[in-house]
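This report concerns only the one structure given below.
Order of the sequence lines sets the chain letters (A, B, ...), proteins ahead of strands, with each chain counted from 1. Atoms considered below: every heavy atom in the structure, side chains included; atoms not considered: hydrogens, waters and symmetry mates. Keep in mind that what you see is a predicted model, and the values were worked out from it rather than measured.
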Protein chains: 2
Amino acid sequence: MDQRTPTHLLGPQRSDLSAIADWDTSNCPVRDVLSQISGKWSMLLLHALSERPYRFGELRRLVPDISQRMLTQTLRDLQRDGYIDRTVFPTKPPSVEYSMTTLGHSMFDALSHVLSWAGTNHAAVRRARETFDASPV
Amino acid sequence: MDQRTPTHLLGPQRSDLSAIADWDTSNCPVRDVLSQISGKWSMLLLHALSERPYRFGELRRLVPDISQRMLTQTLRDLQRDGYIDRTVFPTKPPSVEYSMTTLGHSMFDALSHVLSWAGTNHAAVRRARETFDASPV
DNA sequence: CGGCATCCTCGACGATACTG
DNA sequence: CAGTATCGTCGAGGATGCCG
């Protein structure tokens, strides 16, 4: 095969690129999963909830520039995919707590590789960008 | 701190969530990097090029449902960020080869953790989704 | 062959107001 | 407090045609 560790972008068991063709979002596992966590706020919320559970209002204050429409919707999507749990406490007024599931934690662990890469190599990317923009070859 | 390996979503050296506030795309390293590779076609092309270099037309045939406008643009963006190289051979008619850089390979290695997670856990996510949709609590 | 220029669609996301 | 409903914007991406 190949020694480059290029993984299952395709299917679980195929590593050839012969049939990339028919992979729209609906039948490609990778795109199906990633399309949900690549939203504007998903990673921010996942990061927060990876530390400890938060209530709706707490998350709002943590991320002041998120509209509450998107906060609601993003949390719902993350819950739908099984990454976070939503617990309602029948207090008065009601309070709702969001917490990360086991599935969510395992996903975030994988994601953290990319996040830390980004933190480490951000400068290199910015330099590459500047170089490229300087000489529009 | 914390033992959960939640990484530098924030800044290079801070692991508190106290100031998530002022992180728009422009001053958050993670979002700055990820916004470029989370495009519709970026990962597909990165995956292909992680195996071997390809020419423009080859990539078109590999991914038939990409418009050639987006192929050009995505390749340009990846080149701009330093992930791939663009080599023009002055043949007649001209041919252009795209190949992954060292930076690109190191980034793709980090990304591969997420890709393989997606491949492994796609079924679990789909099940969670069905369960959620079944009972709109 | 490997593009670039133009026009258009459509869905993600924002702003605002109202509710149990 | 934790949402839902409605309307509006804006840009990613698609379709088509031309060029060195």
Closest to side chain of A/Met70, choosing from C/dG2, D/dG14, C/dG14: C/dG14
Nearest-Å distance for atom pair NZ/P, residues A/Lys40 and D/dA12: 12 Å
Separation of atom CD in A/Gln79 from atom P in D/dA2, rounded to whole Å: 15 Å
5'-most by nearest nucleotide on DNA chain D - B/Ser67 or A/Glu58: A/Glu58
Most 5' of A/Ile66 and A/Pro94 on DNA chain C, judged by nearest nucleotide: A/Ile66
Shortest non-hydrogen contact from A/Ala48 toward A/Leu59: CB-CD2, 4.3 Å
B/Lys92 side-chain N/O to D/dG20 phosphate OP1/OP2 under 4.0 Å: no
Check: B/Val33 and A/Asn121 side chains under 4.5 Å, non-hydrogen atoms: no
Euclidean distance, atom CG of residue A/Leu59 to atom C1' of D/dG3 [Å, nearest integer]: 14 Å
Close side-chain approach of A/Lys40 to A/Met70, heavy-atom, < 4.5 Å: no
Donor/acceptor link under 3.5 angstrom from A/Gln73 side chain onto base of D/dT4: no
Nearest-neighbour nucleotide for the A/Gln68 side chain, C/dG2, C/dG14, D/dT4 considered: D/dT4
Presence of donor-acceptor pair under 3.5 Å, side chain of B/Arg69 and base of D/dG13: yes
For atom CG of A/Leu71 and atom P of D/dT4, their distance in whole Å: 11 Å
Rounded distance (Å) that lies between atom C1' of D/dG14 and atom CZ of B/Arg60: 13 Å
Integer-rounded Å distance: C/dA5 C1' and B/Arg76 CZ: 14 Å
Side-chain N,O (B/Tyr54) to OP1/OP2 (C/dG2) below 4.0 Å: no
Rounded distance in Å - CZ (A/Arg55) to C1' (D/dG3): 13 Å
Closest to the B/Pro93 side chain, choosing from D/dT4, C/dC1, D/dC1: C/dC1
pair A/Arg86-A/Val96: side-chain heavy atoms closer than 4.5 Å: yes
Under-4.0 Å side-chain N/O to phosphate OP1/OP2 contact, B/Arg86 with C/dG3: yes
Nearest to side-chain heavy atoms of A/Phe56, which nucleotide of D/dG14, C/dG3, D/dA2: D/dA2
CE on A/Met100 to CZ on A/Arg52, rounded to 0.5 Å: 13.5 Å
Touch class at under 4.0 angstrom, heavy-atom based, for B/Phe89 against every strand present: nothing
Spacing of A/Arg31 atom CZ relative to D/dA12 atom P, expressed in whole Å: 16 Å
